[in-house]
Amino acid sequence: MNHVQLDHTHHRPGTRTFPVSVLAHDMDVPMNVGSLFRLADALGIAHLYLTGETPTPPNRKIRKTSRATEDSVAFTYAPDPVAVVTDLRTAGTRIVSLEITSASQHIRRFTQDPAQPICLIVGAENEGVPDALLALSDAVVHIPMYGQNSSMNVAAATAIALFELIKGFE
């Protein structure tokens, strides 16, 4: 088989979205927020909720990292994440936090109902998901760490988690 690497001119934009959203709380690094926009676009994520101290567009650093995907990804800002989570839960969305805790489960052991939308909560690089949001979560999942470090970049972890979560909707 002969493989020829394709460039950007070969890309045909898609329109598929999955019933998955992301709530990013207190993410203080604009480049991580830009990465979330790029991930949401690439993986067909329905909505980004930016809460607390998370920077929002327009922002030069977000735009550079997102490669302008903040123009095509639906997002809202709200100061209070609890209100957003409460509204999502009332609408029938399952709330899932990405955090390593004493009771979190391996993300590959997480089971989902393909008829129920999911909102993945991610937190700041150093602080993680606050206890108040963990308490509101229907599930808390983690990505196992096999090396010396106990964590990874929030954008990288979110990419892995979203890729695993959308499998349940394909």
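Grouping the Ile, Leu, Val, Met, Phe, Trp and Tyr side chains by contacts below 4.5 angstrom, directly or via other members, places Leu88 apart from Ile45. Residues Val33 and Val20 fall within the same hydrophobic cluster, defined by Ile, Leu, Val, Met, Phe, Trp and Tyr side chains chained together at heavy-atom separations under 4.5 Å. Val22 and Tyr49 fall into different hydrophobic clusters, where Ile, Leu, Val, Met, Phe, Trp and Tyr residues are linked whenever their side-chain heavy atoms come under 4.5 Å apart, directly or through other members. Taken together through direct or relayed side-chain contacts under 4.5 Å among Ile, Leu, Val, Met, Phe, Trp and Tyr, Ile166 and Ile143 form part of one hydrophobic cluster. Hydrophobic clustering places Val122 together with Ile62 (ILVMFWY residues linked when any side-chain heavy atoms are closer than 4.5 Å, directly or through intermediates).
Within a 6.0 Å radius of CD in Glu127, other residues, nucleotides and ligands contribute 12 heavy atoms or fewer. Within 6.0 Å of the OH atom in Tyr77, the count of heavy atoms belonging to other residues, nucleotides or ligands exceeds 12.
Ser104 contributes no side-chain N or O that, together with a main-chain N or O of Ile100, makes up a donor-acceptor pair within less than 3.5 Å. Side chain of Ser66 to main chain of Ser35: no donor-acceptor pair is present (N/O by atom type, distance under 3.5 Å, no hydrogens or angles). Looking at Glu53, its side chain never comes within 3.5 Å of a backbone N or O of Asp28 through a donor-acceptor pair.
Lys64 is linked by a side-chain contact (heavy atoms from CB on, under 4.5 Å) to nothing, counting only residues two or more places apart in sequence or in another chain. Every residue two or more places apart in sequence or in another chain that forms a side-chain contact (heavy atoms from CB on, under 4.5 Å) with His3 is listed here: Met1. Checked against side-chain contact (heavy atoms from CB on, under 4.5 Å), Arg108 has the following partners two or more places apart in sequence or in another chain: His106, Glu164.
Note that CG of Leu48 is 12.0 Å distant from OG1 of Thr56, once rounded to the nearest 0.5 Å. Rounding to the nearest 0.5 Å gives a distance of 8.5 Å between CD1 of Ile160 and CD1 of Ile107. Annotation: the span from Leu43 atom CG to Arg16 atom CZ amounts to 12.0 Å, rounded to 0.5 Å. Distance OG1/Thr69 to CZ/Arg38: 7.5 Å, rounded to 0.5 Å. Here the straight-line distance linking atom CG of Asp87 with atom OG1 of Thr93 works out to 10.0 Å at 0.5 Å rounding. Taking NE2 of His47 as the start and CG of Leu23 as the end, the distance is 9.5 Å to the nearest 0.5 Å.
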For residues 129-140, please give each side-chain donor-acceptor pair under 3.5 Å, one per line with the distance, not counting sequence neighbours.
unit_1 : atom_1 : unit_2 : atom_2 : d
Ser137 : OG     : Ser97  : OG     : 2.7
Ser137 : OG     : Leu133 : O      : 2.8
Asp138 : OD1    : Arg89  : NH2    : 2.9
Asp138 : OD2    : Ile95  : N      : 2.8

Less than 3.5 Å apart, which donor and acceptor atoms pair up between the side chains of residues 110-120 and the rest of the protein, not counting sequence neighbours?
unit_1 : atom_1 : unit_2 : atom_2 : d
Gln112 : NE2    : Leu165 : O      : 3.2
Asp113 : OD1    : Ala115 : N      : 2.9
Gln116 : NE2    : Gly92  : O      : 3.3

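Closest of all the heavy-atom pairs between Thr51 and Thr54 is O-OG1, 2.8 Å. The nearest pair of heavy atoms linking Val154 to Gly123 is CG2-O, 3.4 Å. Annotation for Leu50 and Pro55: closest pair CD1-O, 3.9 Å, computed over non-hydrogen atoms. Taking each heavy atom of Leu98 and Ala161 in turn, the nearest pair found is CD2-CB, 3.9 Å. Pairing each heavy atom of Asn59 with each of Lys61, the nearest pair is OD1-N, 2.9 Å. Minimum heavy-atom separation, Leu36 to Ala24: CD1-CB, 3.7 Å.
Note: Phe169 and Phe18 have tilted aromatic rings, judged against thresholds of 30 and 60 degrees for the angle between ring planes.
Sorted pairs that involve residues 117-144 and meet ring-ring contact (aromatic ring centres under 6.0 Å, His included), not counting sequence neighbours, are lacking altogether.
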